[in-house]
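The structure under discussion appears below in the form of C-alpha cells.
This is a predicted model, so every value here is computed, not measured. Chain identifiers are assigned alphabetically (A, B, ...) following the order of the sequence lines, protein sequences preceding nucleic acid strands; residue numbering begins at 1 within each chain. Below, each value reflects all heavy atoms present in this structure, side chains not excepted, and no hydrogens, waters or symmetry copies.
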Protein chains: 2
Amino acid sequence: MSDVAQRAGVSASTVSRVLSNPGVVAEATREAVMQAVAETGYRMNHAARNLRKQRTGCVVALVPNLGNPFFAKILDGMGRELAGAGYDLLVADTLEDSGRHTRLDRFLDPSRADGIILLDGLAPFGDLAGRADLPPVITACEWIEGADMPRVMLDNREGGRLAVAHLRDLGHAHIGLIGGPPGNVLHKARRKGAMQAAGQARITEFPGDFTLQSGQQAALAWRALPPSDRPTGIFAFSDEMACAFMSGLQRAGHHVPRDVSIVGFDDIELVSHLAPALTTIRQPKREIGRKAARIVLDRISGREIPAVTLLEPRLMERETTAPPP
Amino acid sequence: MSDVAQRAGVSASTVSRVLSNPGVVAEATREAVMQAVAETGYRMNHAARNLRKQRTGCVVALVPNLGNPFFAKILDGMGRELAGAGYDLLVADTLEDSGRHTRLDRFLDPSRADGIILLDGLAPFGDLAGRADLPPVITACEWIEGADMPRVMLDNREGGRLAVAHLRDLGHAHIGLIGGPPGNVLHKARRKGAMQAAGQARITEFPGDFTLQSGQQAALAWRALPPSDRPTGIFAFSDEMACAFMSGLQRAGHHVPRDVSIVGFDDIELVSHLAPALTTIRQPKREIGRKAARIVLDRISGREIPAVTLLEPRLMERETTAPPP
DNA sequence: CACTGGTCTGCAATCGATTGCAAACATTTT
DNA sequence: AAAATGTTTGCAATCGATTGCAGACCAGTG
C-alpha cells in the first residue's frame, strides 16, 4: 500500500480512504491513487484488514455430512448469497469418519468466522445461547430443541401433513411411515404432521435414519408382513429411503404405484427422473440456503432477525402414488 | 495475549513461544503459561497470526456446481484431509446462476487462500502457470488442457475402456455412447478409452452434457431410431445420464437389461439402490478429494509434487448389463 | 486583514501475534 | 576462578491496513 501511496504522491492513509471510503477524498487525489493502484496491480491484504477491523469476512457452515446431495444444494444457495455480500463460505463436517462429532469449538471463534450456520441438530451446541464472545450462530434445516438460536427451515410438520393427506385423498386406509432417527427434530415434526393427517387411518411405522440402507431395510420389513397387514401407502421421510424402498419392492416383483404408493421427502433432483418418477415433498433447498445466509448476514450487521423462519413445502405429485389396489 | 502473559508473569513473546513452539521454553515457565491460558480462556487471534506469518490457513475449492452430489463427495474428502492438517476449506462456485463464470481473481490472492483446488476445467485460468505472486493452484477431476498445472484425477481413458470392454465381453456389437460436452476433457478422455475398447463394434454417439436432462434426451433419440439401428449396449458418461436414459426407456416399456444394457460413470451412491442397480464405473470420490488436498498441502509446504496423479477406476458390475437380446 | 467554517490530508497509534537479536543466567570446561 | 558454551527470556520491530485527531489549505464574511 505504501508503494501505491508513494507513486500517487500521497500517504497510505489516503490510499486506504480511496479504497474503502472514496467519498471523503478529493476528486483529483482519488484519481491519482486509482491510477497508481492500477499501475502497481495492488491488491489489499485481507489478513491486515481483518485484523484491524476485527472481522474475518467468512461465514462457516457446519454440516453433518458434506457428501449428502441435499446439503450440497443448500450450500449452493448459501454460497451465492454470501458471495454477493462479499463474504466467503467456509465449510466443515461436524462428523468424523467414525461418526463422532469433531471439535467444533475450533469454529466458535470470532477470529475464524463472523457467523456460523449450523446444519446439524445433534451438534453439542446447547449451551452457547447467550455467549457474547462468540460469533452469531443460527441453525438451518435442523435445529436444537431448547437452544435459543434463530432457525431457518422448512415447515416440516406441514410437509408431513401434505404427504399423508395426499395418500388419504387417494383412498389409502393403511399408511406406512419410514421415519428418521427417533430423537431427530425433523423426524418428530414430520411425524406429527403425518399423524395429524392420518386421522382414522391405520399407521405402521418402520424405523429409518434417512439413508438408502434404511430404506432397503424397510422394504424387507414390509415384505415380511402378511399381505393383509401391509400398508398400501408409504411415506418415507427422505427421498433416499423412498428410492431404496421402492427398488426393494420392485426387485421383489411388486409394482409401484399399482400395489403400493410411495411419497418421499426433499425432492432431490434425481428422483424426478426415475421410472416411475417419485412423488415427494419438495424442500426449496437453494432458497433455504439463501435465506439462512441472509439471516446470518443480518445478524452480523446487527439487524433484528426473526427467531423462526419457515419455508413452505410443496407436494410434487408424480408417478408413485395412485389409489390403493 | 498480554493478559495471559501478565498473569503468568512472563512476556508476550514467551506466551507465543509456549503456544507455537513449546520446546524452546523451560518446563516451569511453560506450565505457568499453560495455566494462565486455561484460566483466562485465551484463544489465539487468527487474523493476527496470519498477518504476521503471511498465510491464511485456508484452501479454496472452486467448483463448477456446488449442488452436484458428485462434487459434494469430493469436497467431503478434501475437508477431512485439510482439517487434519489444520487448514480450513473455503468453497466457491465458479458459475453464476446465469452459467457465466464468476470473477475468480477474487480467490487468486495469497492473502485469501494458501492454495487453490480447481475443479472446473473450463475456468479461465489458462495463463497463470508461472505467476509467482499467486498461491499454488492445482486441478482435480477436470483439468485445463495445455495449462501447466498439477492434476489429480481418475484415469478417465481407462474408465471408458473398462465400460465398453465390459459391454463387448457380454457380446454387444453395437454400442451407444452418451457423451459430455464436446470440448470437455473428461468427455474426450472417456471417449478415447471407449473407442479403443470398441474395436470392430459399431458405435452410435448421442450428445450429452452429464445432466439428467440430456440422458432423457438420449432416451428419446434412441427410441427414434429404427429398432435395428438401436445400440444394444449403452455407455453413459455420467450416472445421472444413465439413470435418466434408463427411466426413459423403462417408461416406454423397454426392459433393462433384457433389451438394452447400460453402464454409467461415477458410481454415485444412489444408483446402486435402483431397480435394476446400475452397472457403472466407480470413481473413488473421497479419495480424489483427499489426494487433491494432500497435494496442495505438499505444494504449500514447498515439497515436490507429481505433475499428474491418476486414480484407478473400477467396474461395478451390477444389474443393468447382460448379453444382447 | 483577521476570522470562521469547511474540506482534505497526514501523523501516529492500533489491531494481536511472531521472531531476530541480545541480555541474563546456568552449566561445563580448562 | 575464568572462560566458554548453552539455555531461557524479553525487547522491539514487524506483518499491512484503518482511523481519531489535528494541521493545512481554501473560500467566504465582517
Between V37(A) and V4(A), which heavy-atom pair has the shortest distance, and what is it?
CG2-CG1, 3.7 Å

Rounded distance (Å) that lies between atom P of dC8(C) and atom CG of N21(A)
12 Å

Whichever of L51(B) and A12(B) has its nearest DNA chain D nucleotide further upstream toward 5':
A12(B)

Could you check how far CZ of R55(B) sits from C1' of dC15(D), rounded to whole Å?
14 Å

Classify the nucleic acid contact of S16(A) as base, sugar-phosphate or nothing, counting any heavy atom under 4.0 Å across all strands shown.
base

Name all residues meeting the salt bridge (charged side-chain N to carboxylate O under 4.0 Å, His left out) criterion together with D3(B); count only those two or more places apart in sequence or in a different chain, and write none if there are none.
none

Protein and nucleotides 11-14 of chain D: nitrogen or oxygen contacts under 3.5 angstrom:
| residue | atom | partner | partner atom | Å |
| --- | --- | --- | --- | --- |
| dC11(D) | N4 | S13(B) | OG | 3.0 |
| dA12(D) | N6 | S13(B) | OG | 3.4 |
| dT14(D) | O2 | R52(B) | NH1 | 2.6 |

In this structure, how many angstroms lie between the P atom of dG10(D) and the CE atom of M1(B), rounded?
13 Å

Presence of T14(B) side-chain N/O under 4.0 Å of dT9(D) phosphate oxygens OP1/OP2
no

Once side chain to side chain donor-acceptor pair (under 3.5 Å) is applied, do any residues pair with R112(A), and if so which ones, sequence neighbours excluded?
H46(B), D88(B)

Determine, stepwise, if the pair S301(B) / R303(B) fulfils side chain to side chain donor-acceptor pair (under 3.5 Å).
CA-CA 6 Å; S301(B) 46; R303(B) 278 189 283 277; 3.2 Å; yes

Checking salt bridge (charged side-chain N to carboxylate O under 4.0 Å, His left out) against D76(B), which of R290(B), K285(B), R286(B) comes through?
R286(B)

Roughly, in whole Å, what's the span from CG in L19(A) to P in dA17(D)?
9 Å

Shortest non-hydrogen contact from L51(A) toward A48(B)
CD1-CB, 3.8 Å

If you take all heavy atoms of S111(A) and N45(B), which pair is closest and at what distance?
OG-CA, 3.6 Å

Pairwise side-chain hydrogen bond (donor to acceptor under 3.5 Å, both in side chains) hits with a residue in residues 56-67 of chain A, at least two apart:
T56(A)-D114(A)

May I ask you to say what V15(B) touches in the nucleic acid, namely base, sugar-phosphate or nothing, with a heavy-atom cut-off under 4.0 Å?
nothing

dG16(D) phosphate, OP1 or OP2, under 4.0 Å from Q54(B) side-chain N/O
yes

Can you check each nucleotide of nucleotides 22-27 of chain C against protein heavy atoms at under 4.0 Å and return B for base, S for sugar-phosphate only, - for none, in 5' to 3' order?
------

Heavy atoms, side chains only, cut-off 4.5 Å: are L90(A) and C58(B) in contact?
yes

Has K188(B) got more than 12 heavy atoms of other residues, nucleotides or ligands less than 6.0 Å from its NZ?
yes

Looking at every non-hydrogen atom in both residues, tell me the closest pair between S20(B) and P22(B) and how far apart they are.
C-CD, 3.7 Å

Round to the nearest Å and state the distance from Q6(A) atom CD to dG16(D) atom P.
15 Å

Heavy atoms only: give me the nearest A72(B)-A72(A) pair and the separation to one decimal.
CB-CB, 3.8 Å

Measure NZ/K53(A) against P/dT19(D) and give the value in whole Å, please.
5 Å

Can you sort out which residues in residues 26-44 of chain B have a heavy atom within less than 4.0 Å of DNA chain D? Ascending by number, please.
A26(B), T29(B)

Using whole Å, what does the distance between atom C1' of nucleotide dG16(C) and atom CG of D109(A) come to?
13 Å

